Amino acid sequence: MSPDTMKIDRFELDAGMIERARAAARAITGSMQQHIDAHTTTAVERTVCRLLGINGVDEAGVPLPNVVVDAVADKGKLGQGVAYWLGSACLEHGITLDEAVLDLAIGKLDITACPRPKEEVEKALYPIAASAIERIIENKQKREALIKKLGLGQTPWLYVIVATGNIYEDMVQAKAAARQGADIIAVIRSTGQSLLDYVPYGATTEGFGGTYATQENFRLMRAALDEVGEEIGKYVRLVNYSSGLCMPEIAALGAMERLDLMLSDSMYGILFRDINMERTFVDQFFSRRILALGGLIINTGEDNYLTTDDAYESAHTVIASQFINEQFALAAGLSPWQIGLGHAFQMNPYMEDGLLNEIAQAQLIRQLFPEYPIKFMPPTKYMTGNIFFGHLLNAMFNFVSVLTGQSIHLLGMLTEAIHTPYLQDRHLSIENAKYIMNNARHLADEVVYAKDGRIEKRARAVLEKAVDLLDYIRSRGLMEALEEGTFAAVKRPRKGGKGYDGVVEKSPDYYNPFETLLPRRAPAGGDVTCW
Amino acid sequence: MSPDTMKIDRFELDAGMIERARAAARAITGSMQQHIDAHTTTAVERTVCRLLGINGVDEAGVPLPNVVVDAVADKGKLGQGVAYWLGSACLEHGITLDEAVLDLAIGKLDITACPRPKEEVEKALYPIAASAIERIIENKQKREALIKKLGLGQTPWLYVIVATGNIYEDMVQAKAAARQGADIIAVIRSTGQSLLDYVPYGATTEGFGGTYATQENFRLMRAALDEVGEEIGKYVRLVNYSSGLCMPEIAALGAMERLDLMLSDSMYGILFRDINMERTFVDQFFSRRILALGGLIINTGEDNYLTTDDAYESAHTVIASQFINEQFALAAGLSPWQIGLGHAFQMNPYMEDGLLNEIAQAQLIRQLFPEYPIKFMPPTKYMTGNIFFGHLLNAMFNFVSVLTGQSIHLLGMLTEAIHTPYLQDRHLSIENAKYIMNNARHLADEVVYAKDGRIEKRARAVLEKAVDLLDYIRSRGLMEALEEGTFAAVKRPRKGGKGYDGVVEKSPDYYNPFETLLPRRAPAGGDVTCW
Amino acid sequence: MLVKPYGDTMNDGAMQLSFTLPMRKGDEAREAARVLLTRMGLDDPQIVHMEAIGEEFTFFVAYGKCTFAVDTDELTVARAQVEKMDFYQINKFIKEHIGRKIKVIGACTGTDAHTVGLDAIMNMKGFHGDYGLERYPEFVAVNMGSQVPNETLVAKAIEMGADAILVSQVVTQKNVHVPNLTRLVELLEAEGYRDRVILICGGPRISHELAVELGYDAGFGPGTVPSEVASYIAQELARRLAQTARDE
Amino acid sequence: MLVKPYGDTMNDGAMQLSFTLPMRKGDEAREAARVLLTRMGLDDPQIVHMEAIGEEFTFFVAYGKCTFAVDTDELTVARAQVEKMDFYQINKFIKEHIGRKIKVIGACTGTDAHTVGLDAIMNMKGFHGDYGLERYPEFVAVNMGSQVPNETLVAKAIEMGADAILVSQVVTQKNVHVPNLTRLVELLEAEGYRDRVILICGGPRISHELAVELGYDAGFGPGTVPSEVASYIAQELARRLAQTARDE
Ligand code: B12
Ligand code: B12
Ligand SMILES: Cc1ncc(COP(=O)(O)O)c(C=O)c1O
Ligand SMILES: Cc1ncc(COP(=O)(O)O)c(C=O)c1O
């Protein structure tokens, strides 16, 4: 064992078991890929619009991507892809894309009226699509340059949320947090945004439990963080949520405005927002291909399972889901350093030896996914109005994180059960993490877990149960397993949930210029291709 | 290594080094024993009075033991021992001890007037002295019976202080603390009591930063704890401070009122109360012999060094002092289970890897003194008005304590830098300790420290420095070393400080009935004898 | 009895506070904090900690002695009037006093997706070892889950002829729950169904007082167990039925 | 400018409190807590935690919105009037303006044995990288240490002809420091020495305001560094000497 792998390989695990888990997950996601490749959704098509530069709102305030996609959908012609019709209309009338959208918005133009040969359309749209790809790649390079210049904080990176509802107030708080030592800032979205089937427009100042995700808000916050980053000499990263009914649109906006991380889970929307599963699997794939290109890190949402399920009893469902999310992520062309699998510190604090179980779980995940920037979520479920006690749960969470070498560390707030964070709450939480992580900085190098002890045994038991569950899902099918309530103790019908009407079968002449421009792993399961 | 010693022997330490430390400490304390055996003090003589049943106050409110001892001292005849004169007076006038004291108090009797042969005096006083011994042994047995019946809490035992200044308010708080989960209750003494050359009398309701230690207060609190102990089904232990100018008197009162632990250090008074060293060494010996008989646990005060000295730089002074305190304790006849050596969690919280150093120190002490009920003191020095941060320091302290198997765990208060504990502070601190100790209960069994890693190396380095220091003190002499400021960065002159005028050379016919009734280790360094 | 906060001595009035002022750290900020505490009626206010937590923000920890006392004899405690019954007693009570099953419908309304609280009250498994309404043979319980529009809830309630509607609201930032809860009352009134239903809301920031203020019959806060809610519904329904019988 | 506490929005008034009431946990205790917070001028008081912590005691954590604001333009900040100087400037100032060494004596008086604070000001090594008075060539500094009776301190001060007396008081429970500090002033007055000395006290709970109130010339609280004290003594002494020269 080299000194480096020693830090990670703390447990003696059965390599065959791990391979079985990956094989099962590969099979599970592989069979889903057929469904994914055969469908598009209203969200994917709106994303195509956005990437093609369609922006703004109509007179009624409806975002133009929605106007365009709805127009095509109303005609029942979304199966060809919105790009196909936009391209056709431009060619037909000899107008620009902008002109076409404008005319459509004022009801002057039916873009689905005059289909043109696909090759012509492709030729017309390619330069526009390519320049969108260009912009995303430039952002990625800009980020790399800034990181090179300013550097990043030490891991575990401290991740805090701002959630005042007002982007300008958020900027104040985000800058303060960065000065206090935060490495990553997430602007939590307003309650309910994930169920909006459009992305709001412009700078917003009224959200509830969060601030709307809009392109302008992204831009404003990015600028604020760049500014404070220069001041403190650190590249401060920005996060948002590529979840909900606009999953791929937000991914695109994030890639265009140089966000650095995105919450992006293959199943979160299904389980926690009752979004239709057929839709979600299609959306997540397209989203992640964009994120892959943009060099964003994704954060998966397994931590959420433990808010409704028990963290001790259902620890294995987190692991099983991580294997699935991993395979979906690889399929979408994400590199290992982009795959921030999520988990959480959610065991009952009154459990004897609970800390041992948390260490087992965190270390197991670290060891199963050694190259990934694992995201560790704080205790929330057992947080109460007793802020003093809550501060302690967060302390032990911080301790486990530094002890097990987690990467992305979402800070718990002592007021979790009360309100979205106040300025002082965030300060106290950052102080908490900085104290404990610094004070225990190299403890991980100095402790070895007893062979066949409580911790190692627990890790092995969880892994075994996860593998069994994956084998079961493989035999049942993922959609069927979700119908049965395999994850988070939540059951969802395949054809139910929100957004199902936005799922459209691709027609054979479906056209989407980004299909070929975005990375994905060769369907055979080989290397990532950027065709 | 048997599984049990494995828990304790975590570090590979040089056994020869440890033996060298003990040998040096034995030599250091051995040469002090000559001084001790050759002297008595006003405090020792007052203690003799108390053990002989002399109690109460005179008309001016002066405690009778002081009245008696001062009378003898005024005549310059304390070298024979107060018992000698009391016995003589009784024999001479055919009166009881009580009558002799009463007459003396009202100025009717000069007890030093008529010396009688020592053997006669001995014969007269023996039954009274023996019955004092009896009472102390009965208390010990009563304690043992109660522990057998009710049991004790799990280690680390949670030790909290009450300090309202009012014994009745203290009783309320102590009972609440016991119900909240405390195992040990200490009634902190009023600021300045240690400099009083007498023990106040009766129940008291006005103290500052603490409550006066009086026999009646002891009795009241003992009764309160016995009551709550029955209620909660646990024997709740009581502590006070056998320190200051009345060190042995308080030891006697504690033994008579069934206290369970006593702060008792061989050098604390010298360093922290500027009490004369010649006096202190005599007083501590007599005190501890009483505590040995009473089955009380002593708690030494090395933790205090780190309030004026730096915990990282001066860690070895704690260890060196523990070896010295150990030898003094053994010399006084204490059994291993009674020797609660003290140390503290006082490193700068902003030190990188500070926690590793705290673990090294705590584990080292555990390993050097495996059979002793080690007392671990909380962070105080770096506590500030930021109670939230303070709560975290206490959390990590609690963690280190359970991880390294400490025995007596004094709870840190989040309001340490502000006030003596409020009811709610104590509650939050107990909650803190209970959470962490339960959650990490068996972590100690599951971690092994890397061989030659940062933690083990630090432990070895501290031990080495301690041994060097002990060798130096051995060569210089303990009193000289104290004059140089070896401990706590405090220098004290041999003939200076408070209470020096109370040190008296024993005359050859010195008589103290308890000399032969109390345990001590045979001067040769052999087994404990109860002559 | 007059009561005051207690630190370590009866009536010492001791209180701990923490807060942030939008001022740069310094003597002026400290004084501003002190003045504020004095205005709040705190005697001997002590700023025990002052720290800069952003360019123009200072965090304070303070202690002070509250000069107000509360007369406990004059307190009126707002709480739904119920006699506590257990699972068996409730079912028996319903059989005897109602004579048919009670129909209840529950939902997390508006954009709220926090189902755990409502589930705790409604689902089989219940909460803290206390069975949920679904488990009661004498209740027909429909749980519509999360993010249910008020309109949908009302329509479904009328359709099933619900005796009680149970609404959960957990997100309360900027008081977002208040208009949402109010809107439900308006909708029910518009449909003429308000008087025919026992209207209940619950959540971590809901009190009975607030509920009544918003036009609900009862409100249940943190720590509520299902049997409390079931007792209330059964007794309230029985009361209403008796009332109607008398009126007729 | 009017300022109010800040939670996450300007002027939201957010404050956190914790306290104990000598009441049994329950609805009545909660209501008592709420009423108390209302009396303190807190809007929308939220009892977020209530817990029994002893037979007849309940612990609360609460949040509320402070309705008071402070006008920062009207604040008067009590602070010893000093121009900050460093080690070298101070010694130079003394040479130029006083022309002789300044004699100071310090002690922890009464029963107080907390020497760390006074040592921080007086000992060579000083505090936070700022040298202590003993290190200043232009100061003669005598540190009497802990638990010094006021009488002893006064006698010694007079004996050495001290220009300044420095008293440290750390134990403040039940305000024990107040009579002790007052007693020292009385003793100095009785000896006719009060006007001839700069009288200073310090400690974690000492403010300049309190010091002046008790008859001291200046008070220094937590975080004081020696150079602040040295600056004050030098400037104040220079001022007094100039005054005397003018008067004569
Ligand atoms: C679990 C959880 C989630 C889960 C919810 C999963 C699920 N299916 O419910 C997930 C991860 C999805 C989630 C998401 C969000 N959450 Co959330 N979440 C929590 C958390 C950790 C626990 C809530 C909980 O389950 N409590 C346990 C139950 C049993 O308690 P309870 O709800 O109080 O219910 C009891 C009583 O109140 C009462 N009761 C409740 N309802 C009813 C109804 C009736 C009729 C009756 C009689 C009684 C009753 O009885 C119950 C049993 O005693 C809290 C923080 C905390 N620790 O409290 C935050 C919290 C509630 N969430 C919050 C927020 C802001 C969000 C988000 C909006 C964040 C965002 N912008 O992304 C999202 C979006 C959610 C949405 N659209 O509503 C905030 C709300 C702030 C506020 N005061 O407004 C909290 C307080 C966290 C915080 N500090 O920011 N969350
Ligand atoms: C160290 C310490 C001790 C040590 C003292 C060692 C020593 N030689 O000083 C020991 C262990 C002996 C001790 C004992 C006790 N202590 Co103690 N102790 C502390 C502790 C942990 C730190 C104090 C300290 O050193 N601070 C660091 C210095 C640098 O800060 P400072 O004093 O504020 O000084 C600065 C300023 O205030 C100012 N300053 C201070 N003095 C002066 C003077 C002048 C002239 C000027 C210009 C400026 C100035 O300048 C300094 C530098 O900036 C505090 C808790 C805490 N964390 O604050 C408790 C604390 C002060 N102790 C306390 C108590 C009650 C006691 C005891 C009475 C307990 C008991 N009953 O046994 C005993 C008895 C002591 C006695 N007779 O006075 C209480 C006081 C409560 C109160 N508010 O009244 C505290 C707050 C702990 C608590 N919460 O109970 N203690
Ligand atoms: C993957 C993922 N997406 C999104 C969210 C946030 O919720 P919403 O989509 O309602 O903004 C979370 C919750 O923490 C999440 O884990
Ligand atoms: C050994 C010892 N005695 C006594 C005390 C308490 O001080 P005092 O003697 O002033 O009561 C301590 C302090 O914690 C101590 O460690």
Side-chain angles (χ1 to χ4, degrees), chain C residues 1 3-11 13-23 26-42 44 46-50 57 60-61 66-72 74-79 173-175 204-205 207-209 222-223, chain D residues 1 3-11 13-23 26-42 44 46-50 57 60-61 66-72 74-79 173-175 204-205 207-209 222-223:
Chain C
M1 191 184 66
V3 300
K4 266 188 159 189
Y6 174 100
D8 67 356
T9 308
M10 209 42 95
N11 295 321
M15 291 188 121
Q16 174 271 325
L17 297 94
S18 77
F19 55 93
T20 301
L21 289 183
M23 294 176 75
D27 289 335
E28 203 190 36
R30 182 195 297 273
E31 181 60 13
R34 212 189 54 76
V35 169
L36 206 62
L37 296 172
T38 310
R39 299 234 168 109
M40 293 171 74
L42 290 167
D44 193 17
Q46 300 280 353
I47 306 296
V48 297
H49 182 66
M50 168 168 83
F57 293 100
F60 297 92
V61 179
C66 181
T67 49
F68 302 111
V70 174
D71 187 346
T72 56
E74 284 169 17
L75 295 174
T76 54
V77 176
R79 187 143 190 85
Q173 212 210 15
K174 317 240 150 152
N175 281 327
R205 291 281 97 73
S207 64
H208 182 63
E209 217 173 11
Chain D
M1 191 183 68
V3 300
K4 265 188 160 189
Y6 174 100
D8 67 355
T9 309
M10 209 41 96
N11 295 321
M15 291 187 122
Q16 173 271 326
L17 297 95
S18 75
F19 55 94
T20 301
L21 288 183
M23 294 176 73
D27 289 334
E28 204 191 36
R30 182 195 297 273
E31 182 58 14
R34 213 189 53 77
V35 168
L36 205 63
L37 296 172
T38 311
R39 299 232 168 110
M40 293 171 73
L42 289 167
D44 193 17
Q46 300 280 354
I47 306 297
V48 297
H49 182 66
M50 169 167 84
F57 293 100
F60 296 93
V61 180
C66 181
T67 49
F68 302 110
V70 174
D71 187 345
T72 56
E74 284 170 18
L75 295 174
T76 54
V77 176
R79 188 144 189 84
Q173 212 210 16
K174 317 241 150 148
N175 281 328
R205 291 281 98 72
S207 65
H208 182 64
E209 216 173 12

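These numbers come from the heavy atoms of this one structure, side chains and all, not from hydrogens, waters or symmetry mates. In what follows, chains carry the letters A, B, and so on, assigned in the order in which the sequence lines appear, proteins first and then strands, with residues in each chain numbered from 1. Everything quoted here is computed from the prediction, not taken from an experiment.
With a threshold of 4.5 angstrom between heavy atoms, C/Thr76 approaches chain D through N, CA, C or O but not through any side-chain atom. At a 4.5 Å heavy-atom cutoff, the contact between C/Ala14 and chain D is made by backbone atoms alone. There is no contact between C/Glu74 and chain D, counting heavy-atom distances below 4.5 Å. D/Arg30 does not touch chain C: none of its heavy atoms, backbone or side chain, sits under 4.5 Å away. Only the side chain of C/Phe57 comes within less than 4.5 Å of a heavy atom of chain D; its backbone N, CA, C and O stay farther away. With a 4.5 Å cut-off on non-hydrogen atoms, C/Asp8 touches chain D through its side chain but not through its backbone. Contact of C/Val61 with chain D is not made at all, since no heavy-atom distance falls under 4.5 Å. Of the two parts of C/Ala69, only the backbone, made up of N, CA, C and O, holds a non-hydrogen atom closer than 4.5 Å to a non-hydrogen atom of chain D. When heavy atoms are compared at a cutoff of 4.5 Å, C/Met15 approaches chain D by way of both its backbone and its side chain. In this structure, chain C has a heavy atom under 4.5 Å from the side chain of D/Gln46, while its backbone stays farther away.
In terms of heavy-atom pairs under 4.5 Å with chain C, the best-connected choice from D/Thr20, D/Asp71, D/Asp44 is D/Thr20. Among D/Leu42, D/Val48, D/Ile47, D/Leu75, the residue with the largest count of heavy-atom pairs under 4.5 Å with chain C is D/Leu75. Heavy-atom pairs under 4.5 Å with chain C peak, among D/Thr67, D/Val35, D/Leu36, at D/Leu36. The choice from C/Glu31, C/Arg39, C/Met23 that makes the most heavy-atom pairs within less than 4.5 Å of chain D is C/Arg39. Ranking C/Ser18, C/Gly41, C/Pro5 against chain D, the residue ahead of the rest is C/Ser18, based on heavy-atom pairs under 4.5 Å. Counting heavy-atom pairs closer than 4.5 Å to chain D, the top-ranked of the candidates C/Val3, C/Asn11, C/Val70, C/Thr72 is C/Val70.
When all heavy atoms of C/Met1 and D/Pro22 are compared, the closest pair comes out as CE-O, 4.3 Å.
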